[in-house]
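This is a predicted model, so every value here is computed, not measured. Within every chain, numbering begins at 1; the chains are lettered A, B, ... in the order of the sequence lines, protein sequences first and strands thereafter.
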There are 2 protein chains.
Amino acid sequence: MKNRVITISREFGSGGRTIGKRVAAQLGIPCYDNELLQKTAEESGFQQEYIKEAGEYSLGGLLSNAFSHRGSAMNNADYLWQIQYRIITQLAEKGPCVIVGRCADYILRDKADCLRVFIHADIKFRAERIVREYGERTESPEQRIKDKDKRRAAYHRFYTDMKWGHAQNYDLTLNSGTLGLDKCVEIIKSLY
Amino acid sequence: MKNRVITISREFGSGGRTIGKRVAAQLGIPCYDNELLQKTAEESGFQQEYIKEAGEYSLGGLLSNAFSHRGSAMNNADYLWQIQYRIITQLAEKGPCVIVGRCADYILRDKADCLRVFIHADIKFRAERIVREYGERTESPEQRIKDKDKRRAAYHRFYTDMKWGHAQNYDLTLNSGTLGLDKCVEIIKSLY
């Protein structure tokens, strides 16, 4: 019997991580996000800050090699992908949990009984939210969002060949801007 | 105060229409689908069977004129689009309701307080379902599904310039194949 796992993909600033944490807390199961980073860091020897960035935003193999002209078939991003792949698989085997980001939906597609969720919201909602949550930066919040989304989508596409944000890839997608974070938590919980 | 309207877009065979009807019945509000066709038929003078097809699958103006070499700026599909546009607007002004298909989400975007839903399911689920619901045809169910989806997406794109099935266009999208029709009904109701 495969474990029941909730995977949450999310647009930057949509509150997907917060929703995942609340769902997990209310269901009494673990939520893996920073923990995942820590484990990856321990295994790989990379700095956590580097992983946070590269583990979801960098492209491996072909693309980066084409640009860097390095001969190696595997670069840091590919190496991290393999470690994350193994850790996510192990976590899902350990028991029911929530996993935020990191292409867990794809990695676990045949390995767990997944509820695949995608959280999104319009740019205005997200811009206000990231300034409130993460503070001001030199770059405008809209620019930060566009940049992050673009890189997440490219990363997802590169490693999974699935289109990020296409309804057909998920069991449900929720607009946290129009529905509210609490309602999203409630719906996901009701499907567990 | 704008009326609360639930619009349901759906992949062919996903059960979106059934879900819409059940939601409406349980909420005690009308569901417009065949009624809408009848009204359009009455107004336009077209046969209902023709409208059922053209009203959601035919492309108007530029494209068809390019192929037909007719000089007219408006063809039958454009004419139908205008009538459907007006009827959907009037229905939404009359009171809360569920509207299935016909780009109602786009038409009502500034005119009603919409809950925009998209229902989809994998091809196996839908193939079994359409044979059960609509019977066997000469064409394989998979071929029927591909053909209908393709035309619905093209129609939607042509008249709305929105991408059909992109999570970002909806408040929620639900996979009726993995969640089940009853659960979809329950979630939509809980958001009304």
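Residue B/Leu179 touches chain A through its side chain alone, counting heavy-atom pairs closer than 4.5 Å. Residue B/His120 touches chain A through its side chain alone, counting heavy-atom pairs closer than 4.5 Å. Heavy-atom distances place no part of B/Glu186 under 4.5 Å from chain A, backbone and side chain included. Using a 4.5 Å cut-off between heavy atoms, A/Leu174 contacts chain B through both its backbone and its side chain.
Taking every heavy atom of both residues into account, B/Glu142 and B/Ala127 meet most closely at OE2-CB, 3.6 Å. Nearest approach of A/Ile29 to A/Pro96, heavy atoms of both residues: CB-O, 3.8 Å.
Residues A/Arg152 and A/Arg10 form a side-chain contact, since some pair of their non-hydrogen atoms from C-beta on lies under 4.5 Å apart.
Salt-bridge annotation for A/Lys183 and B/Asp171: absent, with no side-chain N of the basic residue lying under 4.0 Å from a carboxylate O of the acidic one.
There is no side-chain donor-acceptor pair under 3.5 Å between A/Arg109 and A/Thr160.
No other option in A/Ala121, A/Gly177, A/Ala167 has as many heavy-atom pairs under 4.5 Å with chain B as A/Ala167.
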